[in-house]
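These notes concern the structure reproduced below.
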Amino acid sequence: MVYDTEDNKHDILPKIEDVSTVMETSTDRPLDDVLIKKSEYPDDETIEYQSFCFPCDIKSEPESIDESTEIYFDPKEWLINDNNSGKIRAPRQNEFLYFLLEDSRYSSYLSWLDRNEGLFKIHQPERVIQLWTKVKNRQTNGVMDYDTFARGLRYYYQLGTMIKTHRKYTFRFKMLANE
DNA sequence: AACCCGGAAGGACG
DNA sequence: GCGTCCTTCCGGGT
């Protein structure tokens, strides 16, 4: 994944016009129809990934942590059309975090410390982890905790997509400008 | 105590 | 069946 400091959020988040089109044409159609239709859209080389969102008919389960401030969750909003493989998949852990950081709804969960440096801090790890497990929906029997979540992120160090900060709840994407 | 780190093993999924 | 990306567990460091 490439983190270009010159990107604006529309390069990585769903475009408003895309969302409205899908909402108008496919509120009661299966997901596959929607995705097939989406694949007909002209490709923009600057967009590495696209995700889709449209009205949801699935209610979230009650949460263990403070439901009153829970942000509405639709699993289908988080699917990614991988332009490399042409397949639909859940986001990677780094993609997931980047989406969150670029969406002001989640600014209480985590936020940039220095966006140009790719530096960010997780303020509410339990919420981020809970959302991650819902987005990923991986069939496991263990319990995802911060240690497990952070171990996943540490693999990005050796992959070169993230840089160590050694600071609490603080991580750093490797941006193009840092190369 | 609560993080951060990376090795080891192995699972889930495309 | 295979490679990637985690998930789980852990011992050691800060």
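Chain letters run A, B, ... following the sequence lines, proteins first and then strands; every chain starts at 1.
- One can place CG of A:Leu97 at 13 Å from C1' of C:dC6, the figure rounded to the nearest angstrom.
- Both A:Pro125 and A:Arg151 sit near DNA chain B, but only A:Pro125 has its closest nucleotide nearer the 5' end.
- The distance from atom OH of A:Tyr146 to atom C1' of B:dC5 is 12 Å, rounded to the nearest whole Å.
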Can you list the steps and then say if A:Asp82 with A:Lys87 is a salt bridge (Lys or Arg N to Asp or Glu O under 4.0 Å)? CA-CA 5 Å; A:Asp82 190 325; A:Lys87 294 179 179 178; over 6 Å; no
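- To the nearest angstrom, P of C:dC6 lies 10 Å from CE of A:Met144.
- Note: CZ (A:Phe149) to P (C:dC9) measures 18 Å, nearest angstrom.
- The phosphate of B:dC5 has OP1 or OP2 within less than 4.0 Å of a side-chain N or O from A:Tyr157.
- B:dC3 atom P lies 11 Å from atom NZ of A:Lys121, rounded to whole Å.
- A:Gly142 comes within contact range of the sugar-phosphate backbone alone, with a heavy-atom separation under 4.0 Å but no base atom that close.
- Look at A:Lys136 and you'll find a side-chain N or O under 4.0 angstrom from OP1 or OP2 of C:dC6.
- For A:Trp132 and C:dT7, the shortest distance from a side-chain N or O to OP1 or OP2 is below 4.0 Å.
- Atom NE2 in A:His166 sits roughly 11 Å away from atom C1' in B:dG6 (whole-Å rounding).
- Remark: the A:Asp147 side chain and the C:dC10 base include a donor-acceptor N/O pair separated by less than 3.5 Å.
- With hydrogens and angles ignored, no donor-acceptor pair closer than 3.5 Å exists between the side chain of A:Arg154 and the base of B:dG7.
- The separation between A:Lys164 atom NZ and B:dC3 atom C1' is 15 Å, rounded to whole Å.
- Inspection of the A:Glu95 and A:Trp78 side chains reveals no N or O donor paired with an N or O acceptor under 3.5 Å.
- Residue contacts shown for A:Phe171 are absent, as no nucleic acid heavy atom lies under 4.0 Å away.
- If you look at A:Tyr146 and A:Tyr169, their ring centroids are closer than 6.0 Å.
- In the interface, the side chain of A:Arg89 is not paired with the base of B:dG14 through any donor and acceptor atom under 3.5 Å apart.
- Nearest to the side-chain atoms of A:Tyr156 among the listed nucleotides B:dC3, C:dC6, C:dT7 stands C:dC6.
- Counting to the nearest Å, the C1' atom of B:dA1 and the OH atom of A:Tyr169 are 11 Å from each other.
- If you check B:dG7, C:dC6, B:dC3 against the side chain of A:Gln158, the one that comes closest is B:dG7.
- A donor-acceptor pair is defined here as one N or O able to donate and one able to accept, closer than 3.5 Å; no such pair exists between the side chain of A:Thr165 and the backbone of A:Arg172.
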Pair A:Lys121-A:Leu110, side-chain contact (heavy atoms from CB on, under 4.5 Å): steps then yes or no: CA-CA 6 Å; A:Lys121 181 168 185 175; A:Leu110 77 176; over 6 Å; no
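- Nearer to the 5' terminus of DNA chain C, by closest-nucleotide assignment, is the contact made by A:Leu159 (compared with the other of A:Leu159 and A:Thr140).
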